[in-house]
Amino acid sequence: MSEITLYDFELDENCYKVRLLLSVLGLSYRKVAVNVVPGREHLAPALMALNPRGSLPILANSEFVLSEAEAIMTYLVRAYDNGNTWLPAEPKAHGLVAMWLQFAGRDLHAAFLARRLAMFDASGDEVALGFAARSAFRLMEDHMTAREFDRAAWFVGDNPSLADLALFPAIALSRDFGIEHEAYPALRRWMRRVRAIPGFVTMPGIPDYY
């Protein structure tokens, strides 16, 4: 097995998604800390050569380099999860997980930007980003409420999947940008279940009271 290297910023929720999956899969890896704020090291020539988009996380091994959290997560489970535990092989379940992975990267991007604005003084429209984040969280809440009526505990299927790991950070870290969790009871219960997944690791900003 070739060594996995993760270029990582501790306070980045997308990097956290990958760290969480690596821990859940029990994979060892080399972590390269990148000083994004205030150092802007992710824009240094060496890292731009790895990822011209200038974003983290970046995963590298002896064979290739990959960026974007959801793409990295998909690669890791296909490479190291032989039982298809985290990305089901069955077509319907596979498609549903892929749908939520796209939601995590697209619809929850407003939450990502709102947190950057609140924590790191990045640019953005606080009101618009907050509204978009709440709208995405409401869709997640409504989905999990309906799932619980069907006695289901996870976003897709009967077991946790990549969908749960990819969706978790945005809502778990939402207090960093002023969105409390009381309005999302189904998501609170779901977050408690995510925290109980074997191998779960946390990051700064995720509350431990669920």
Side-chain angles (χ1 to χ4, degrees), residues 1-2 4 6 8 12-29 51 53 55-61 63-112 132-133 135-173 184 186-201:
M1 181 187 300
S2 58
I4 297 170
L6 176 66
D8 174 78
D12 183 293
E13 55 265 54
N14 287 315
C15 292
Y16 168 63
K17 293 176 189 179
V18 177
R19 296 198 306 269
L20 176 57
L21 178 60
L22 286 164
S23 180
V24 166
L25 293 176
L27 295 175
S28 60
Y29 64 100
N51 178 18
R53 289 184 293 276
S55 63
L56 294 178
I58 301 169
L59 183 138
N61 62 22
E63 299 172 354
F64 75 117
V65 176
L66 193 61
S67 61
E68 305 301 326
E70 287 75 24
I72 293 171
M73 295 171 80
T74 302
Y75 160 72
L76 287 172
V77 296
R78 277 292 174 254
Y80 300 105
D81 177 27
N82 295 328
N84 296 317
T85 302
W86 295 94
L87 185 59
E90 190 277 319
K92 178 182 176 182
H94 184 101
L96 289 171
V97 170
M99 179 185 73
W100 285 112
L101 290 176
Q102 186 176 39
F103 183 94
R106 181 192 61 209
D107 298 65
L108 291 178
H109 190 59
F112 172 88
S135 296
F137 294 157
R138 178 51 51 188
L139 289 172
M140 292 168 60
E141 173 71 15
D142 291 347
H143 177 77
M144 277 312 305
T145 299
R147 293 281 290 160
E148 289 185 342
F149 275 121
D150 290 336
R151 303 192 184 282
W154 306 101
F155 265 79
V156 178
D158 298 326
N159 300 292
S161 71
L162 283 189
D164 301 287
L165 299 188
L167 295 169
F168 175 78
I171 181 66
L173 292 164
Y184 309 104
L187 290 181
R188 282 176 62 98
R189 291 187 290 271
W190 165 74
M191 285 188 278
R192 190 180 301 119
R193 294 190 288 271
V194 172
R195 291 183 63 93
I197 292 172
F200 176 86
V201 290

Query raised in the report: Could you go step by step and tell me if V24 and F200 meet the side chain to side chain contact (heavy atoms under 4.5 Å, CB included) rule?
Result: CA-CA 6 Å; V24 166; F200 176 86; 5.6 Å; no
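- Taken to the nearest 0.5 Å, the CG atom of L87 stands 8.5 Å off from the CG atom of D81.
- Expressed to the nearest 0.5 Å, how far CE of M73 lies from CG of L20 amounts to 7.0 Å.
- Side-chain atoms of W100 and D164 include no donor-acceptor pair closer than 3.5 Å.
- Between E68 atom CD and L56 atom CG the span is 10.0 Å, to the nearest 0.5 Å.
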**Report entry** T85 vs N159, side chain to side chain contact (heavy atoms under 4.5 Å, CB included): CA-CA, chis, key distance, verdict
**Finding:** CA-CA 8 Å; T85 302; N159 300 292; 5.8 Å; no
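- Residue Y16 comes nearest to P169 through the heavy atom pair CD2-CG, 3.6 Å, listed as atom of the first residue, atom of the second, then distance.
- In plain terms, the two heavy atoms of A93 and V156 that are nearest each other are O-CG1, 3.9 Å.
- Residues L59 and I4 form a side-chain contact, since some pair of their non-hydrogen atoms from C-beta on lies under 4.5 Å apart.
- With sequence neighbours left out, W86 forms a side-chain hydrogen bond (donor to acceptor under 3.5 Å, both in side chains) with no residue at all.
- To the nearest 0.5 Å, the span separating CG on D107 from CG on L167 amounts to 10.0 Å.
- Here the shortest heavy-atom pairing between A166 and A104 reads O-CB, 3.8 Å.
- Between V97 and S161, the shortest heavy-atom distance links the atoms CG2-OG, 3.7 Å.
- For R138, the side-chain contact (heavy atoms from CB on, under 4.5 Å) partners are E141, D142, A183, Y184, not counting sequence neighbours.
- Rounding to the nearest 0.5 Å gives a distance of 8.0 Å between CG of L66 and CG of L76.
- Between W190 and F155, the ring planes are perpendicular. Angles over 60° get that label, and only those under 30° would be called parallel.
- Legend: salt bridge (charged side-chain N to carboxylate O under 4.0 Å, His left out) pairs involving residues 147-158, not counting sequence neighbours, sorted by first then second residue: E148-R189, E148-R193.
- Without hydrogens or angle criteria, H94 side chain to A89 main chain gives no donor-acceptor distance under 3.5 Å.
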**Report entry** side chain to side chain contact (heavy atoms under 4.5 Å, CB included) assessment of V77 paired with N84
**Finding:** CA-CA 7 Å; V77 296; N84 296 317; over 6 Å; no
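- Other residues, nucleotides and ligands contribute over 12 non-hydrogen atoms within 6.0 Å of the CZ atom of F64.
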**Report entry** Candidate pair K17 and L165, rule side chain to side chain contact (heavy atoms under 4.5 Å, CB included), full reasoning
**Finding:** CA-CA 6 Å; K17 293 176 189 179; L165 299 188; over 6 Å; no
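- In terms of the salt bridge (charged side-chain N to carboxylate O under 4.0 Å, His left out) criterion, residue partners of D8 (sequence neighbours excluded) are, by chain and number, R19.
- Once rounded to the nearest 0.5 Å, the distance linking OG1 of T145 with CE of M140 reads 11.5 Å.
- In this structure N51 satisfies the side-chain contact (heavy atoms from CB on, under 4.5 Å) test together with R53, S55, I58, S67, sequence neighbours excluded.
- Scanning both residues, A170 and A111, for their nearest heavy atoms gives CB-CB, 4.2 Å.
- Considering every non-hydrogen atom in both N14 and A69, the closest pair reads O-CB, 3.6 Å.
- Y29 meets the ring-ring contact (aromatic ring centres under 6.0 Å, His included) test with no other residue; sequence neighbours excluded.
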